[in-house]
Amino acid sequence: MIKSELARVILKVVENLRDELGLRDLPPIILERPKEKAHGDWSTNLAFLLSSQVKLTPQEIATKLVSYLRKELNQVDKIEVAGGGFINFFLKPVSFLPFLPQIIKKGGRYGEINIGQGIKTQVEFVSANPVGPMHIGHGRWAAVGDSLANILEKAGFRVEREFYINDYGSQMDIFAKSVSARYSEILGEKVTFPENGYQGAYIYEIAQEIVDKDGKKFLQVDPIKREQIFKERAYKQVLEHIRKTLEKMGVIFDVWFSERTLHKKGKVKETVNYLKANGCVYEKDGAVWLRTSQFGDDKDRVLIRENGEPTYFASDIAYHKDKYERGFQKVIDIWGADHHGYVKRMKAAMKALRYSDDFLEVIIGQMVNLLRGKDPVRMSKRTGEMVTLEEILDEVGKDALRYFFVSKNTDSALDFDIELAKKESQENPVYYVQYAHARICSILKFAEERGIKQPSLSQVNLSLLRKGEELDLIKKLVEFPEIIEECALSRAPYKLTIYAQDLAALFHIFYTQCRVVSEDECLTKARLLLVKATQTVLKEVLRLLGVSAPEKM
RNA sequence: GCGCUCGUAGCUCAGUUGGAUAGAGCAUCGGACUUCUAAUCCGAGGGUCGUCCGUUCGAAUCGGACCGAGCGCGCCA
């Protein structure tokens with residue numbers, strides 16, 4: 001019996017008692033899974049909620065409700081009033097058994113729900129500037145964004161993953177100047193390195209590659225033109241490197257969206273004009289301003305600078321307008337905490353465009369502090385001193401890295417200690433979960449070698465599964481769709497890792513207590529089915545988390 | 001100064017949107033491999049939920065004040 005069925009029955013009972021109890025309005029039926037096993041499978045605080053309307057104690061209300069509920073519920077073993085008014089439901093163990101064949105039949109599709117109702121949704125994340133390698137923070141957003149997208153898909157949203165390329169503006173020019181300067185330097189020319197230039201060693205590498213390929217050819221070229229050429233080459237190279245690193249992390253984007261195209265197609269100007277027509281724009285001090293303060297921002301913001309150049313804000317509005325025009329009904333942006341001050345104005349801009357309030361959702365993720373041992377790893381754009389995401393990925397490994405990142409709530413800042421991540425690798429939670437999967441594969445292989453065939457569903461007597469360890473495991477499997485719903489609605493993939501731990505733990509306990517392949521043929525078949533179902537869910541959870549499900553370890 | 005996020009066991013974190021005696025993992029200590037993988041399991045110790053008020057049947061959770069940490073407050077991106 002599932003939550004919704006139980007809730008329906010309770011609601012019916014309350015409605016029948018409406019006049020007798022003198023209820024004005026009906027409270028929502030809240031069912032929760034109690035933390036304590038002793039409190040049953042489901043629990044409701046309904047009596048507490050009703051006590052404000054009824055002149056009875058919660059205890060009395062609960063007792064009354066229970067006397068009616070008992071008649072309506074046949075899948076329930078026991079209903080009790082406890083803790084001063086909680087109503088606890090203990091389901092019959094048999095009622096869980098039909099889920100097992102369902103899981104087997106659905107396979108990887110088990111857990112799919114439809115709260116998304118196919119709405120076209122975009123998750124935009126990482127969006128690292130294409131002027132250098134990614135850092136550890138990008139890794140966090142890659143892991144979180146990709147898993148969130150996976151979960152939303154599972155929950156029935158139609159999802160696209162998008163990477164926004166900031167390939168327009170002054171930073172690209174500085175980038176090009178930096179490469180150009182290093183190019184000259186490598187070829188023995190005397191140059192002064194541009195102020196604010198990018199100091200990183202990777203700039204040398206890019207310059208070196210140009211030298212290797214084309215030699216001194218560009219020394220004669222006019223500096224402006226040369227920078228133009230280098231900009232394109234270097235940019236493509238960096239972007240390709242970003243793409244490859246993300247791919248190594250198992251993150252594949254559907255769309256790589258270039259900021260330049262917005263400018264080229266006149267979308268930025270078009271957007272400013274559109275806002276003008278909406279009456280949200282005015283001129284002051286030679287600049288063009290958007291009245292964001294009318295839509296909840298602290299002050300108005302500039303769209304077009306005094307010098308005629310649009311601001312980043314203007315092109316970002318155009319970008320989001322473009323998202324809207326591409327038919328997305330919901331857009332989720334994942335930004336680092338250093339951009340949180342930007343949220344208000346962006347939300348205000350969406351209002352100025354007259355989009356609904358829930359069109360744009362911004363997830364602000366707190367920063368990652370990189371440590372090696374106890375010491376913080378200093379990183380500076382200015383000096384170019386930095387440890388890249390790729391280096392960390394190679395050192396720590398994809399599975400551990402993704403699991404570590406996705407398992408933390410994005411609201412909290414996070415210390416990532418490279419030494420710890422490697423040293424503790426044996427005790428890393430990811431291996432605990434993966435090990436459960438590997439153990440399952442081992443059992444299934446063992447059974448196969450013994451010539452025990454995967455039984456057909458009708459052959460299995462599931463009611464043989466009645467030990468506590470077996471039932472606890474089954475109940476956990478039954479929870480899976482609820483977990484997907486919770487993760488999707490709260491946009492919180494980290495909750496899935498908690499489920500993964502719980503499920504793995506219950507499997508390990510089951511494994512210790514219940515011999516699967518035994519002399520008892522019927523029991524063996526029933527347990528094999530349970531093991532197979534566990535494997536199905538575990539594998540799917542790991543897939544959603546972007547972590548591999550090894551067959552042996 | 002203002003705004004956002006965080007503060008729970010020695011460490012890393014949960015705590016189902018206000019519920020029952022605040023829970024896991026790591027670390028520490030003590031147990032369990034002749035059997036499908038011991039990267040596992042079982043047990044023990046460990047807490048002023050940053051502090052103080054308030055809201056109510058009931059607060060780690062909501063509100064206010066304060067303390068502490070991080071981030072932000074550009075005609076930068």
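Residue numbers begin at 1 in each chain, while the letters A, B, ... track the order of the sequences. The structure displayed is predicted, hence computed values, not measured ones.
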Given Watson-Crick and G-U pairs under 3.5 Å, RNA chain B in dot-bracket ([ ] crossing, | other strand) is (((((((..((((.....[...)))).(((((.......))))).....(((((..]....))))))))))))....
For A:Lys35 and B:U16, is the shortest distance between a side-chain N/O and OP1 or OP2 below 4.0 Å?
no
Looking at A:Glu482 and A:Arg33, is there a salt bridge between them, counting it only when a charged N and a carboxylate O are closer than 4.0 Å?
yes
Selection from B:G23, B:C75, B:G19 that lies nearest to any side-chain heavy atom of A:Glu36
B:G23
The single option from A:His508, A:Gln434, A:Gln535 passing side chain to side chain donor-acceptor pair (under 3.5 Å) against A:Arg439
A:His508
Near-strand residues of residues 331-345 of chain A, defined as heavy-atom separation under 4.0 angstrom from RNA chain B
A:Ala337, A:Asp338, A:His339, A:His340, A:Gly341, A:Tyr342
Per the O4'-C1'-N9-C4 / O4'-C1'-N1-C2 angle with a 90° window around 0, B:U21 comes out anti
Nearest-Å distance for atom pair CZ/P, residues A:Phe507 and B:C41:
11 Å
Gap between atoms CG and P, on A:Asp411 and B:G70 respectively (whole Å):
18 Å
Could you give the distance separating B:G31 and B:G68 at their C1' atoms, to the nearest angstrom?
42 Å
Rounded C1' spacing from B:G63 to B:C75 in Å
39 Å
Tell me the interatomic distance from A:Gln53, atom CD, to B:C57, atom P, rounded to whole angstroms.
14 Å
Once you apply a heavy-atom cut-off of 4.0 Å, does A:Lys495 come out as touching a base, just sugar-phosphate, or nothing?
sugar-phosphate
According to the interplanar angle, ranging from 0 to 90°, do the rings of A:Tyr282 and A:Trp289 count as parallel (below 30°), tilted (30 to 60°) or perpendicular (above 60°)?
parallel
May I ask you to decide if the ring planes of A:Tyr342 and A:Tyr312 are parallel, tilted or perpendicular, using 30° and 60° as cut-offs?
tilted
Salt bridge check: are A:Lys445 and A:Glu551 linked by an N-O gap of less than 4.0 Å?
no
Between B:A65 and B:C76, how far is it from one P atom to the other, in whole Å?
35 Å
Euclidean distance for C1', B:A60 against B:U21 (whole angstrom):
15 Å
Near A:Glu195 CD, under 6.0 Å, is it more than 12 heavy atoms from other residues, nucleotides or ligands?
no
Any side-chain N or O of A:Arg301 under 4.0 Å from OP1/OP2 of B:C76?
no
How many Å lie between CG on A:Asp417 and C1' on B:C26, as a whole number?
14 Å
So, for A:Arg345 and A:Thr292, which heavy atoms are closest and what is the spacing to 0.1 Å?
O-CG2, 4.1 Å
Can you check whether A:Tyr431 has a side-chain N or O nearer than 4.0 Å to OP1 or OP2 of B:A39?
no
Nearest-Å distance, CD1 (A:Ile304) to P (B:G74)?
20 Å
Hey, is A:Phe86 stacking on B:A20? Ring centres under 5.5 Å, planes under 30°.
yes
Going by an N to O cut-off under 4.0 Å, is there a salt bridge joining A:Glu232 and A:Arg260?
yes
Interatomic distance, A:Gln501 CD vs B:U40 P [rounded to whole Å]
11 Å
What does A:Cys487 touch in the nucleic acid at a heavy-atom separation under 4.0 angstrom: a base, only the sugar-phosphate, or nothing?
nothing
Pick base, sugar-phosphate or nothing for A:Arg33, based on heavy-atom distances below 4.0 Å to the nucleic acid.
base
If you look at every strand shown and take non-hydrogen atoms under 4.0 Å, does A:Asp300 touch a base, only sugar-phosphate, or nothing?
nothing
Do any side-chain nitrogens or oxygens of A:Arg439 fall under 4.0 Å of OP1 or OP2 in B:A38?
yes
Rounded to the nearest Å, what distance is computed from the CG atom of residue A:Leu444 to the P atom of nucleotide B:C36?
15 Å
Could you check which of B:G19, B:A77, B:C75 has an atom nearest any side-chain atom of A:Asn129?
B:A77
Tell me what A:Tyr432 touches on the nucleic acid: a base, only sugar-phosphate, or nothing, going by heavy atoms under 4.0 Å.
sugar-phosphate
Among the nucleotides B:C13, B:A20, B:U17, whichever has the atom closest to the side chain of A:Lys408 is B:C13
What is the nucleic acid contact for A:Tyr494, judged by heavy atoms within less than 4.0 Å: base, sugar-phosphate only, or nothing?
sugar-phosphate
The residue, A:Ile364 or A:Ile443, whose nearest nucleotide of RNA chain B is more 5′ is A:Ile364
P atoms of B:G25 and B:U40, separation to the nearest Å:
11 Å
When the distance from CD of A:Gln59 to C1' of B:C57 is rounded to whole Å, what number comes out?
13 Å
Using a strict threshold of under 4.0 Å (side-chain N to carboxylate O), is an ion pair present between A:Lys284 and A:Asp300?
no
Remember a base hit wins even if backbone is also touched, and classify A:Arg515 as base, sugar-phosphate or nothing at under 4.0 Å, heavy atoms.
base
Take atom C1' in B:A27 and the same atom in B:A44, then report the distance between them in whole Å.
14 Å
Closest to the A:Asn166 side chain, choosing from B:C75, B:A14, B:A77
B:A77
Measuring only the C1' atom in each nucleotide, how far is B:C29 from B:G10? A whole number of Å is fine.
14 Å
Taking donor-acceptor contacts at under 3.5 Å, does the side chain of A:Ser170 reach the base of B:A77?
no
Residues, nucleotides or ligands: over 12 heavy atoms within 6.0 Å of A:Lys539 NZ
no
Ring centre gap for A:Phe416 and A:Phe404 strictly below 6.0 Å
yes
So A:Thr57, base contact, sugar-phosphate only, or nothing? Heavy-atom distance under 4.0 Å.
nothing
What do you reckon, is NZ of A:Lys398 surrounded by more than 12 foreign heavy atoms closer than 6.0 Å?
yes
Please check if any side-chain donor atom of A:Tyr235 sits under 3.5 Å from a side-chain acceptor atom of A:Asp167, or the reverse.
yes
Is the base of B:A20 touched by the side chain of A:Asn45 through a donor-acceptor pair closer than 3.5 angstrom?
no
Chi-angle category of B:C67 [syn within 90° of 0, anti beyond]:
anti
Of A:Pro58 and A:His39, whose closest RNA chain B nucleotide lies nearer the 5' terminus?
A:His39
Nearest to the side chain of A:Ser412, heavy atoms from C-beta on, is which of B:G19, B:A77, B:C6?
B:C6
With a 4.0 Å cut-off on heavy atoms, is A:Asp316 in touch with a base, just the backbone sugar-phosphate, or nothing at all?
nothing
Just compare B:C73, B:G19, B:C13 and give me whichever is closest to any side-chain atom of A:Lys299.
B:C73
Tell me if the NZ atom of A:Lys467 is crowded by more than 12 foreign heavy atoms within 6.0 Å.
yes
Write down the distance separating the C1' atoms in B:G7 and B:U61, rounded off to the nearest Å.
14 Å
